[in-house]
Amino acid sequence: GADLAVDAGMAFSSVSDAVAAAGPLLDLGLAYLEDPFPPERWRWTAELRATLPIPLAAGEDAVGAGALVDLAHAVDVLRIDPSAS
């Protein structure tokens, strides 16, 4: 028993791009989709979270407490990397 997650690597240029790309993933039962956008695009992440039934994860590339707080309100799984700079 292992969970499957997909790291998008901040590859999407819009929420609609992310929704289209996530379509084939919907039936996989993903634990989460990670890093659909850069941390500063947390509003896009929040919009995507409201649209997709797949949980979202982000945060390991966020720098500073403010960025992490913003992402904490936008994702299901907040991933923190204390070495991010």
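Just so it is clear, the structure is predicted and the values come from calculations on it, not from any experiment. As a basis for the values below, the full set of heavy atoms in this structure was taken, side chains included, without hydrogen atoms, waters or symmetry mates.
Hydrophobic clustering (side-chain heavy atoms under 4.5 Å, transitive across Ile, Leu, Val, Met, Phe, Trp, Tyr) keeps Val63 apart from Leu68. If you chain together hydrophobic residues whose side chains sit under 4.5 Å apart, Phe12 and Tyr32 never meet in one group. A continuous path of hydrophobic side-chain contacts links Val75 to Ile80 [ILVMFWY only; heavy atoms under 4.5 Å]. The hydrophobic cluster containing Val77 does not contain Leu71, counting ILVMFWY residues as joined when their side-chain heavy atoms lie under 4.5 angstrom apart, directly or transitively.
Put simply, CG on Asp76 and CG on Leu52 are 10.5 Å apart, with the number rounded to the nearest 0.5 Å. From His73, atom NE2 reaches atom CZ of Arg49 across 10.5 Å, with rounding to the nearest 0.5 Å. Remark: Leu56 CG to Leu78 CG distance equals 12.5 Å, nearest 0.5 Å. Taking CD of Glu40 as the start and OG1 of Thr45 as the end, the distance is 9.5 Å to the nearest 0.5 Å.
A search for salt bridge (Lys or Arg N to Asp or Glu O under 4.0 Å) contacts involving Glu60 returns Arg79, not counting sequence neighbours.
Legend: salt bridge (Lys or Arg N to Asp or Glu O under 4.0 Å) pairs involving residues 64-74, not counting sequence neighbours: none detected.
A heavy-atom distance below 4.5 Å is found between the side chains of Met10 and Pro39. Contact annotation: the side chain of Phe37 approaches that of Leu48 to within less than 4.5 Å [non-hydrogen atoms, C-beta and beyond].
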Going through the checks in order, is the side chain to side chain contact (heavy atoms under 4.5 Å, CB included) test met by Asp81 and Asp61? CA-CA 7 Å; Asp81 181 350; Asp61 296 303; over 6 Å; no
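In terms of heavy atoms, Pro36 sits closest to Ala8 at CA-CB, 3.9 Å. Of all heavy-atom pairs between Ala84 and Ala62, the closest is CB-O, 3.6 Å.
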